[in-house]
Structure formats: structure tokens, C-alpha cells
Amino acid sequence: LMQPIVSLAAAAVVHSSFMEERVAEVFKGPILRLFLPRDQKAAPSKTEIERWKAATASKERCQFATFGHVNRAKCLDTIIMAFGQSQKLKAGAQLVIAGRPDDKEYIREIEPLVTKLGLTKQVTFEYGVTNNRLLAIKNDTDVFLNLRYPNTEGASGSLIEMMNAARPVIAYRAGCYADMPDDAVVFIERMDGLDAVVRAMEDLMSNPARRIEIGAAASAHLVKQDSARYVRNLKKFVLDTQ
């Protein structure tokens, strides 16, 4: 529907270079590339981030987490299988899967998979979490996972939320995710399969200093991407294109 929609527009707004390239293929008018503001969802405070930095190196178990709409595109089965393939992760990590259970059929696949792989003590599902509970998960998490395939989004709200928590995020280098700097996200290639997921998880689990370093880079990348700047840029674009 992109072409018929933009054919009605005098100008277009996108939220990633990935989407800007797609729109530019069918629309020759002015395009403004903005960003998803980091301050639209609750994030760990500076105090909580400093507390996490001090605690993450000595935690008994490394907590991984993923959140958002629970559906097949989030590749949760891949994450669970990667977890089950690693004795290191089984022994020293836990995984929280939180979000709204949109795809009931997919949930009926991944919940038994956790049992089949003997991960019932390591993997927890939390559906329909409140904002307060989600903030608590952000505060407690050491590493986020945000694998997405297929990746057709113009931008990812969950990715911005995870990066804004000053934690490292493991993601496939594709679509709008590839807009992020290499030092602010741990990128892996989907074609490298489960081994790439396992390596990334094990590496971050065993390297607290790298967790802190990547999390700080993620937070620094977003520091100027707030709602006030978004509105200023959008207002200027609208006035300039009238």
C-alpha cells in the first residue's frame, strides 16, 4: 500500500533510512527522516543504571530478556533453541519473555519447546505485563534480545526502549535495525543460524565490562533523540513544505 498512500501526499515522514529508501523508490516529493523519541516510554533512571553497572559484574545469574508483541516475527523459538543448545547459558543465565500474546498458535509452539529442552527453570513467560512490571524487567535485565525476521518495520519501538535502558541489545543486522551504530548494538547475521545467537549471548554473559560499554554507547546514541527535537524538526518540515 505504500505507493497508493504516498501518491496522495505532498510530503512524507519516515523514521529510518531503511524506510526512507523504500519510500524514495515510489515517491519523488520531500521526505523527512525522523526517529522514534526515546522519552515516550518509562526507562531506568540514572540512579538505577548506575546501580545496575555496579551489580551486573557480581550477579549470580545473567538475565536476558525480550519484550513486545509475542509473535513469530520476534524469533522467540530461535532464542529458546539457542539457549537450550548452550550448557553455559543453562548453568549461568535466565531468560524473561514478556509481552502481549498476539499469536496464540505461536505461543502453543514455544511454551512446549521450553519444556522439551528442559528450560522450565531458566525461561519465564510474562504476558500482559503492566508498565511498572516492564520497568522492573528493564532494571533487572543485563542483556536484551530483539531478533526480528522478516524485518519490514519503519522503526522499532522495542529496540529504542531496550537501548534507552543502557543495556546491550542482540539483534539481526537488517531493516531499520541496521541504522544503529555498530558499537551500540550487538549485530549478528541471521544466515549464521543458532551458533551466532549462542556466541553473542555467551560472550555478553561472560563479559560484564562489555555489557556496560555497549549499553553506554546505546544510551549515548539516543541522548539527543527526544520528543522536543522530534517536534521541532517536524514543525520546521511542515512549514517549509507548505
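The first residue in the sequence is number 1, and the count goes up from there. From a predicted model like this one, the values you see are computed outputs, not experimental measurements.
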Legend entry - Heavy-atom check, side chain of T130 versus side chain of L135, under 4.5 Å: no
Inset, instruction - Run the ring-centre check on Y177 versus F18 and record whether the distance is less than 6.0 Å. - result: no
Inset, instruction - Enter the distance from I79:CD1 to L145:CG here, rounded to the nearest 0.5 Å. - result: 4.5 Å
Legend entry - Hydrophobic cluster identity match, L95 and I170, side-chain contacts under 4.5 Å: yes
Legend entry - Minimum heavy-atom distance K59-D140, with the two atoms named: NZ-O, 2.9 Å
Inset, instruction - Decide yes or no for C62 and R211: does some side-chain heavy atom of the first lie under 4.5 Å from some side-chain heavy atom of the second? - result: yes
Legend entry - Student check: side-chain heavy atoms of Y172 and N151 closer than 4.5 Å: no
Inset, instruction - Keeping the roles fixed (side chain from K90, backbone from G84), state whether a donor-acceptor pair exists under 3.5 Å. - result: yes
Inset, instruction - Give a yes-or-no answer on whether the side chains of S227 and Q40 include a donor-acceptor pair shorter than 3.5 Å. - result: yes
Legend entry - Between Q94 and Q63: side-chain donor-acceptor atoms closer than 3.5 Å: yes
Inset, instruction - Measure from the side-chain N and O atoms of R190 to the backbone N and O of P150, and report whether any donor-acceptor pair falls under 3.5 Å. - result: no
Inset, instruction - Look only at the side chain of K74 and the backbone of F67, and say whether a donor-acceptor pair between them is shorter than 3.5 Å. - result: yes
Legend entry - T66/M162 under side-chain contact (heavy atoms from CB on, under 4.5 Å): CA gap, chis, key distance, verdict: CA-CA 9 Å; T66 183; M162 291 172 179; 4.2 Å; yes
Inset, instruction - Give the C-alpha distance, both sets of side-chain angles, the deciding distance and a yes or no for salt bridge (Lys or Arg N to Asp or Glu O under 4.0 Å) between E25 and R22. - result: CA-CA 5 Å; E25 293 173 358; R22 304 288 85 72; 3.7 Å; yes
Legend entry - Check: M19 main-chain N/O paired with S16 side-chain donor or acceptor under 3.5 Å: yes
Inset, instruction - Go through the steps for D103 and V70 under the test side-chain contact (heavy atoms from CB on, under 4.5 Å), then give the verdict. - result: CA-CA 6 Å; D103 189 335; V70 179; over 6 Å; no
Inset, instruction - Please determine, by modelled atom types, if D142 and W52 share a side-chain donor-acceptor pair under 3.5 angstrom. - result: yes
Legend entry - Closest non-hydrogen atom pair, M205 against K88: CE-O, 3.5 Å
Inset, instruction - Please say whether more than 12 non-hydrogen atoms of neighbouring residues, nucleotides or ligands are located less than 6.0 Å from CD in Q3. - result: no
Legend entry - R148 side chain to A174 backbone, donor-acceptor under 3.5 Å: no
Inset, instruction - Start with the C-alpha distance between S86 and E202, add both sets of side-chain angles, then the distance that settles side-chain contact (heavy atoms from CB on, under 4.5 Å), and finish with yes or no. - result: CA-CA 8 Å; S86 169; E202 288 183 347; 2.5 Å; yes
Inset, instruction - Verify the cluster assignment for V197 and V96: are they in a single hydrophobic cluster under the rule of side-chain heavy atoms below 4.5 Å apart? - result: no
Legend entry - Side-chain donor/acceptor of D226 to backbone N/O of D39, under 3.5 Å: no
Inset, instruction - Answer with yes or no whether the hydrophobic clustering places V143 together with L134; edges join I, L, V, M, F, W, Y residues whose side-chain heavy atoms lie under 4.5 Å apart. - result: no
Legend entry - Heavy-atom donor-acceptor pair, D179 side chain to S17 backbone, under 3.5 Å: yes
Legend entry - R133 and I137, any side-chain heavy atoms less than 4.5 Å apart: yes
Legend entry - Closest approach of S156 to L36 (non-hydrogen atoms, all atoms of both residues): C-CD1, 3.6 Å
Inset, instruction - Quick one: pull up CG in L159 and CG in N164 and give me the separation to the nearest 0.5 Å. - result: 10.5 Å
Inset, instruction - In plain terms, say whether R210 and E213 are close enough for a salt bridge, that is, a side-chain N and a carboxylate O under 4.0 Å apart. - result: no
Legend entry - Minimum-distance pair of heavy atoms, taken over all atoms of I80 and L119: O-CD1, 3.6 Å
Legend entry - Sub-6.0 Å ring centroid separation between H15 and Y230: yes
Inset, instruction - Mark yes or no for whether R72, through its side chain, and E105, through its backbone, hold a donor-acceptor pair below 3.5 Å. - result: no
Inset, instruction - Determine yes or no for a side-chain-to-main-chain donor-acceptor pair under 3.5 angstrom, with R167 supplying the side chain and K138 the backbone. - result: yes
Legend entry - Spacing of CD belonging to E48 relative to CG belonging to N139, to within rounding of 0.5 Å: 4.0 Å
Inset, instruction - Find out whether S158 and F144 are in side-chain contact, i.e. whether some heavy atom of one side chain is under 4.5 Å from a heavy atom of the other. - result: no
Inset, instruction - State yes or no: do I160 and F35 share one hydrophobic cluster built from I, L, V, M, F, W and Y residues joined by side-chain heavy-atom distances below 4.5 Å, directly or via other members? - result: no
Inset, instruction - Using the rule that two of Ile, Leu, Val, Met, Phe, Trp, Tyr join whenever any of their side-chain heavy atoms come within less than 4.5 Å, decide whether F125 and F83 are in one cluster. - result: yes
Legend entry - Atom of A93, atom of Q122 and distance for their closest heavy-atom approach: O-CG, 3.8 Å
Inset, instruction - Check whether any side-chain N or O of R173 sits under 3.5 Å from a backbone N or O of I188 as a donor-acceptor pair, and report yes or no. - result: no
Legend entry - By side chain to side chain contact (heavy atoms under 4.5 Å, CB included) - contacts of D77 (at least two apart): M81, Y106, I110, L113
Legend entry - Atom of I107, atom of P101 and distance for their closest heavy-atom approach: CD1-CB, 3.1 Å
